[in-house]
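Before any comments, here is the structure.
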There are 2 protein chains.
Amino acid sequence: MAVELRPSQALRLLHELSLAQVRDDAPDLSPRQLAILLSVYLETPPHTVRGLAARLGVTKPVVTRALDTMGALHLVSRRRDEADRRNVIIQRTVEGALYLEKLGDQVVAVARALPR
Amino acid sequence: MAVELRPSQALRLLHELSLAQVRDDAPDLSPRQLAILLSVYLETPPHTVRGLAARLGVTKPVVTRALDTMGALHLVSRRRDEADRRNVIIQRTVEGALYLEKLGDQVVAVARALPR
DNA sequence: CGGGAACAATCCGCTGCCGTAACGATCCTT
DNA sequence: AAGGATCGTTACGGCAGCGGATTGTTCCCG
């Protein structure tokens, strides 16, 4: 079944999530970075810079820079496509999977605590 | 009843929301700005700079700057507390309420479209 | 009434992200 | 083999946010 949610609950959910994110001194991903990370982990590979840029409606340098940042955090990694060496394949990492797993659990926990 | 949500659904929800936010060329609020905005609209007034800073665990200049930015977008407004003129009371605006209303509806729509 | 406390705003230097425009490498087509 | 197209990256100048320290008001209390 679809997830039932009223607007007031939705805003409370966002509120709790944003408070948790701000207070965590965890690496504070920007909206664009998070969108890229989720695309890499939730959509079917392979992922290229160009593909992600088109998917998000942003320019390629934006993707490159986001990958630089998240690569330094070990949330994603890059590899040359040997079949077409112009392409770069974006790969998932253990740390990235763990990061998103925690994030998902956090959302679930907040949702469960939401007032009726 | 609490909102039922599985981790995979939670991540899909975040994915759709972040994609929508990135593609909208709407004023892209930072996580901190959104947290402040939601606190102002969802928690009981009055709201002061100091109170919000303590609530989010950030410094006061962060709140002042966020209010500058969101004030320019007419999402919030400021007023001197006449009872204690050291304080600044953060007030809601029609535009801000509308902004959050749309945001809440968007979350609901995405949640409803989530696969079982 | 005077000195200190509380509050918000501002200043400072720094870091990170932005968009545009280039660039080098690689592929494809002829 | 050569020209053009495609891909990712980098260079550049600009803008916004950050933390920490400081300032100017206003209040409080002895």
Side-chain angles (χ1 to χ4, degrees), chain A residues 18-19 21-40 45-92, chain B residues 18-19 21-40 45-92:
Chain A
S18 62
L19 282 179
Q21 183 183 6
V22 168
R23 282 198 272 241
D24 284 5
D25 47 7
D28 212 48
L29 295 188
S30 75
R32 291 157 101 117
Q33 289 169 342
L34 183 61
I36 291 173
L37 189 65
L38 285 165
S39 294
V40 168
H47 299 288
T48 64
V49 172
R50 173 157 181 77
L52 289 170
R55 178 100 177 98
L56 301 195
V58 299
T59 60
K60 287 186 294 178
V62 167
V63 176
T64 293
R65 283 187 296 251
L67 294 178
D68 287 343
T69 301
M70 293 192 292
L73 298 172
H74 304 103
L75 297 178
V76 295
S77 71
R78 278 184 275 202
R79 174 175 62 79
R80 274 284 159 197
D81 180 0
E82 289 304 327
D84 182 345
R85 294 187 47 78
R86 289 174 303 179
N87 287 333
V88 163
I89 305 296
I90 290 91
Q91 295 183 297
R92 304 165 186 171
Chain B
S18 62
L19 282 179
Q21 182 185 5
V22 169
R23 283 198 272 242
D24 285 4
D25 46 9
D28 211 49
L29 295 188
S30 76
R32 290 156 100 118
Q33 289 169 341
L34 182 62
I36 292 173
L37 188 64
L38 285 165
S39 293
V40 168
H47 299 287
T48 64
V49 172
R50 172 158 184 77
L52 289 171
R55 177 102 176 95
L56 302 195
V58 300
T59 60
K60 286 186 291 182
V62 166
V63 176
T64 296
R65 281 186 300 252
L67 294 178
D68 288 343
T69 301
M70 293 192 292
L73 298 173
H74 303 104
L75 296 178
V76 296
S77 72
R78 277 183 275 200
R79 174 175 62 78
R80 273 285 160 197
D81 179 0
E82 290 304 329
D84 182 345
R85 293 187 48 77
R86 290 173 303 178
N87 287 334
V88 163
I89 305 295
I90 291 92
Q91 294 182 297
R92 304 165 185 172

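Each chain gets a letter, A, B and so on, in the order its sequence line appears, and its residues count up from 1. Only a predicted model underlies this, so the values are computations on that prediction, with no experimental measurement involved.
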**Asked** Taking atom C1' of C:dA9 as reference, at what distance in whole Å does atom CZ of B:Arg85 sit?
**Response** 14 Å

**Prompt:** So, is B:Gln33 near the phosphate of D:dG17, with a side-chain N or O under 4.0 Å from OP1 or OP2?
**Reply:** yes

**Partner of A:Glu82 under side-chain hydrogen bond (donor to acceptor under 3.5 Å, both in side chains), chosen from A:Arg79, A:Arg80, A:Arg85** = A:Arg85

**Prompt:** Considering only side-chain heavy atoms of A:Pro61, which listed nucleotide, C:dA21, D:dG8, D:dC27, is closest?
**Reply:** C:dA21

**Message:** Once you apply a heavy-atom cut-off of 4.0 Å, does B:Val63 come out as touching a base, just sugar-phosphate, or nothing?
**Reply:** nothing

**Message:** Evaluate B:Arg78 against B:Thr64 for side-chain contact (heavy atoms from CB on, under 4.5 Å), listing each step before the verdict.
**Reply:** CA-CA 10 Å; B:Arg78 277 183 275 200; B:Thr64 296; 4.0 Å; yes

**Prompt:** Considering only C:dC17, D:dC7, C:dC27, which nucleotide approaches the side chain of A:Asp84 most closely?
**Reply:** C:dC27

**Asked** Taking it one step at a time, do B:Val88 and B:Thr48 satisfy side-chain contact (heavy atoms from CB on, under 4.5 Å)?
**Response** CA-CA 6 Å; B:Val88 163; B:Thr48 64; over 6 Å; no

**Asked** Does CZ belonging to A:Arg92 count more than 12 external heavy atoms closer than 6.0 Å?
**Response** yes

**Complete:** The residue, A:Val62 or A:Asp81, whose nearest nucleotide of DNA chain C is more 5′ is A:Val62

**Prompt:** Quick one: A:Leu56 CG to C:dG19 C1', roughly how many Å, whole number?
**Reply:** 16 Å

**Request:** When you get a sec, tell me which of C:dC7, C:dC17, D:dG8 is the closest nucleotide to the side chain of A:Asn87?
**Result:** D:dG8

**Asked** Across the strands shown, which category fits B:Thr69 at heavy-atom distances under 4.0 angstrom: base, sugar-phosphate, nothing?
**Response** sugar-phosphate

**Item:** Rounded distance (Å) that lies between atom P of C:dA9 and atom CD1 of B:Ile89
**Value:** 11 Å

**Fill in**
When rounded to whole Å, the NE2 to P distance for the pair B:His47 and C:dA8 reads 13 Å

**Asked** When you measure from the side chain of B:Arg32, which nucleotide among C:dA8, D:dC18, D:dT9 comes out closest?
**Response** D:dC18

**Stepwise side-chain contact (heavy atoms from CB on, under 4.5 Å) test for A:Ile90 and A:Val63** = CA-CA 11 Å; A:Ile90 290 91; A:Val63 176; 5.6 Å; no

**Fill in**
Among the nucleotides D:dG17, D:dG8, C:dG19, whichever has the atom closest to the side chain of A:Val49 is D:dG8

**Message:** How many whole angstroms separate atom NZ of B:Lys60 from atom P of C:dA5?
**Reply:** 14 Å

**Minimum-distance nucleotide (side-chain atoms of A:Arg50 versus C:dA8, D:dT10, D:dC7)** = D:dC7

**Request:** Scan B:Thr59 against the nucleic acid and name what it touches under 4.0 Å (heavy atoms): base, sugar-phosphate only, or nothing.
**Result:** sugar-phosphate

**Message:** Considering every strand and a 4.0 Å limit on heavy-atom distances, what is the contact class for A:Glu82: base, sugar-phosphate, or nothing?
**Reply:** nothing

**Request:** Taking only the side-chain nitrogens and oxygens of B:Thr64, find out if one of them lies under 4.0 Å from OP1 or OP2 of C:dA9.
**Result:** yes

**Message:** Rounding to an integer number of Å, can you tell me how far B:Leu67 CG sits from D:dC18 C1'?
**Reply:** 16 Å

**Asked** Any donor-acceptor pair under 3.5 Å linking the side chain of A:Arg86 with the backbone of A:Asp81?
**Response** no

**Request:** For B:Val58, report the nucleic acid contact type (base, sugar-phosphate, nothing); a contact means any heavy atom under 4.0 Å.
**Result:** nothing

**Prompt:** Do A:Arg78 and D:dG8 have a side chain to base donor-acceptor pair shorter than 3.5 Å?
**Reply:** no

**Fill in**
From CG of B:Asp68 across to P of D:dC18 the rounded distance in Å is 11 Å

**Asked** Side chain of A:Arg65, base of C:dG19: donor and acceptor closer than 3.5 Å?
**Response** yes

**Asked** To the nearest Å, how far apart are B:Ile36 CD1 and D:dG17 P?
**Response** 11 Å

**Message:** From the set D:dA5, D:dT26, D:dG8, return the single nucleotide nearest to any side-chain atom of A:Arg86.
**Reply:** D:dA5

